[in-house]
2 protein chains.
Amino acid sequence: MLSERHLEVVLAVVYEYIKTGEPIGSRTISKKFLKDRSAATIRNEMADLEEMEYLYQPHTSAGRIPTPKAYRIYVDAIMRRQRSFPADSDGWMRELRARRRDVEEALGYATRLLGKITNYIGVAALGPASETVLQRVEFVRMGNRTVLILLVLKGGLIHHRTVVLPCDMTQDNLDELSRRVSTVALGRQWKDVRGILQAYVEDALERYADSCRAAIAEMDLILTEQPFQFFTGGTRNVLGMPDFSDLGRLQAMMGLLEEDESIGQLVHGCSAEQGLCVTIGDENPVFQMRDCSIVMASATAGGRRAVVGLIGPVRMDYERSISVLEGILGTLSDNNESEEGGL
Amino acid sequence: MLSERHLEVVLAVVYEYIKTGEPIGSRTISKKFLKDRSAATIRNEMADLEEMEYLYQPHTSAGRIPTPKAYRIYVDAIMRRQRSFPADSDGWMRELRARRRDVEEALGYATRLLGKITNYIGVAALGPASETVLQRVEFVRMGNRTVLILLVLKGGLIHHRTVVLPCDMTQDNLDELSRRVSTVALGRQWKDVRGILQAYVEDALERYADSCRAAIAEMDLILTEQPFQFFTGGTRNVLGMPDFSDLGRLQAMMGLLEEDESIGQLVHGCSAEQGLCVTIGDENPVFQMRDCSIVMASATAGGRRAVVGLIGPVRMDYERSISVLEGILGTLSDNNESEEGGL
DNA sequence: CTTAGCACTCCACAACCGAGAGTGCTAAGA
DNA sequence: TCTTAGCACTCTCGGTTGTGGAGTGCTAAG
């Protein structure tokens, strides 16, 4: 449906428009990209493309601007090619590698890095651990009935939460509780043991059955809800973004970045499929983002599923964005094991 | 140096300018605020005030705009009065109270709340615990020489960090280590014990002296560096801020919000003095903030020193900002103990 | 099918103009 | 001496007009 000739024009327009931000005229294309065709010829083709909704004119006698459909074509073309990581950010990458020990910190750093390198907004989400296996359980008495629950998961993830139990327990009681829980649950999948835990614990602590039940319920909550964790970096760069049609929209979008849920939604789409995925403008599920494009990719870091991405204007430097993201992802992810024998 | 008559004019101009954002003319003042003086009289006084640098005109034949000096006078006047908390935010306050158990979460929520209520930017910093007393110490073996250090401080603060020790230790070794550390350090001020810890620990674990030393050094690092923790909320509201003279400046300012250090600097000034403090425009130590005003106050929450504040444009609704902040601070701070017998 | 030529359209930018707001100054009144 | 009315002056803001340039669509010739 789209001839080779037409395709060439679309790609040229998108490429040039990304670079300049100005509407592109037929003359420019003819001179810079397709020297074997005159401006008039290009003009005819452009008219066709406009009919097909790959290009549009803001007004007669202005050049053409690519539509989302055109960006799509462009991005697909890019993805087929091989890219190389921009070399200029070697020092940063070392920094990032140094932080790999702590996944959360690494992801935070990665988003800030993405922001800095690309001038767009870096986002990341850290999914639940691939296996929910307890490595350590502690209950620490903080006040009358206030107890701190401390869970160390295999892989190094730590959860803690303060809860109020229905009845008072001494630290000795709590130690007994954690001993019992440990006996049953350590080194095993949580989902396999939580059912049988209650009975075994009450065996020794029946006087505190209520509190034990509450504690175990809370543990279950912590371990099964396992929400995504989110990171953003370079938020300031929204300001450098397109003359957003409307300031209100921009504000709405920034609002999203503060609310984890909506990022979750974004991530969700991507985390399903493996590899890199680019969402352009209104392809986006979250309507506040319809003026943005998102480049996302998932990886496994520290044994957990992670999604790292970039949010930028639709008129984004996709080529660069993608290669930067790939570079960071490579440094971050587990299969790039190197140095130190840890774990 | 500033007569009563002049003062009245200054206050009126600031008040009106904050409300409208437009330069204020002599006529407006005469009609709305000082009905017993004619516009011409006010005009003369305004000319005086311009000479004294309390007001200035963007151009001849425009009204007057207050200078930072005038804002200062205005804020000082407000601070002497009593304020009442805006009633419309009762539900939110309940929400906030419900989160008081976890200081970190509460502060995070408070900043978002501040952002939402005022449409400025909420910030908060959580200082080091007032007393560094260990309540629990755990070392968990994560890999060959990788060990997770878990510290629970009195008051409920949890620190954890993963480190690589110089030599391999079994979990039993590590348990012995934590037992020994506990014996010496639990319930006592860290600064009193860290000196004697090493000797006592090596007594039993001399084979691993190196690793023990490394672990204790790391603990010391965690406990003594005790960095401030920072929170921000409502960042999106920068967009609603003044037609910032320069977009670059706005961006620079947003950049600050991502870097903890500089917020630390802001906080530092305030945390010294007790109570509420307002910094207007270029009174600010951080030069990127010279277009903003900051309202900050400190309190004690969860046994830790906390500073909560608002960043807004110089033309900020100080009265409302201050009362909102006071309200939130009241709900947050420890002396407002209520409900539940905890701790 | 391609291309040169040409008339046409439309925007961006500058210049211009009038209305309105607010001032400073002056002179008269208390 | 202080206050006030009156008046001429200044400057911005919004709208209008005009011009130059860029880019198009169409047509006719190669």
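By convention in this document, chain letters (A, B, ...) are assigned in the order of the sequence lines, proteins followed by strands, and residues within each chain are numbered from 1.
Look at CZ on B:R64: it is 11 Å from P on C:dG22, rounded to the nearest Å.
Counting only Watson-Crick and G-U wobble pairs whose two distances sit under 3.5 Å, DNA chain D takes part in these stems of three or more pairs: C:1-30 with D:1-30.
By the side chain to side chain contact (heavy atoms under 4.5 Å, CB included) test, B:E22 pairs with B:T20, sequence neighbours left out. Applying the side chain to side chain contact (heavy atoms under 4.5 Å, CB included) rule to B:E53 yields the partners B:K69; only residues at least two apart in sequence or on another chain are considered.
Remark: A:R27 CZ is loosely packed, at most 12 non-hydrogen atoms of other residues, nucleotides or ligands lying under 6.0 Å away.
In summary, A:R72 and A:D76 engage in a salt bridge, as defined by a charged side-chain N under 4.0 Å from a carboxylate O. Salt bridge absent: A:E258 and B:R112 never bring a charged side-chain N and a carboxylate O closer than 4.0 Å. Contact check on A:E319 versus A:R81 returns a salt bridge, with a Lys/Arg side-chain nitrogen under 4.0 Å from an Asp/Glu carboxylate oxygen.
The CD1 atom of B:I311 sits 11.0 Å away from atom OG1 of B:T118, with the distance rounded to the nearest 0.5 Å.
Against DNA chain D, the stretch residues 2-31 of chain A makes heavy-atom approaches under 4.0 Å through A:G25, A:S26. A heavy-atom distance below 4.0 Å to DNA chain D is reached by these residues of residues 41-62 of chain B, ordered by number: B:T41, B:R43, B:N44, B:H59, B:T60, B:S61.
On the nucleic acid side, DNA chain D contacts chain B at distances under 4.0 Å to non-hydrogen atoms, with the end points of that region at D:dT3 to D:dT12.
In this structure, a donor-acceptor pair under 3.5 Å is present between the side chains of B:Y318 and B:S293.
Counting heavy atoms from C-beta on, the side chains of B:R236 and A:V238 never come closer than 4.5 Å. In this structure, the side chains of A:I29 and A:R64 stay at 4.5 Å or more apart for every pair of heavy atoms.
A:Y15 and A:F33 have perpendicular rings, their planes meeting at more than 60° on a 0 to 90° scale where under 30° would count as parallel.
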task: Test A:E45 against A:R37 for salt bridge (charged side-chain N to carboxylate O under 4.0 Å, His left out), laying out the working first.
output: CA-CA 11 Å; A:E45 290 160 347; A:R37 270 174 268 174; 3.2 Å; yes
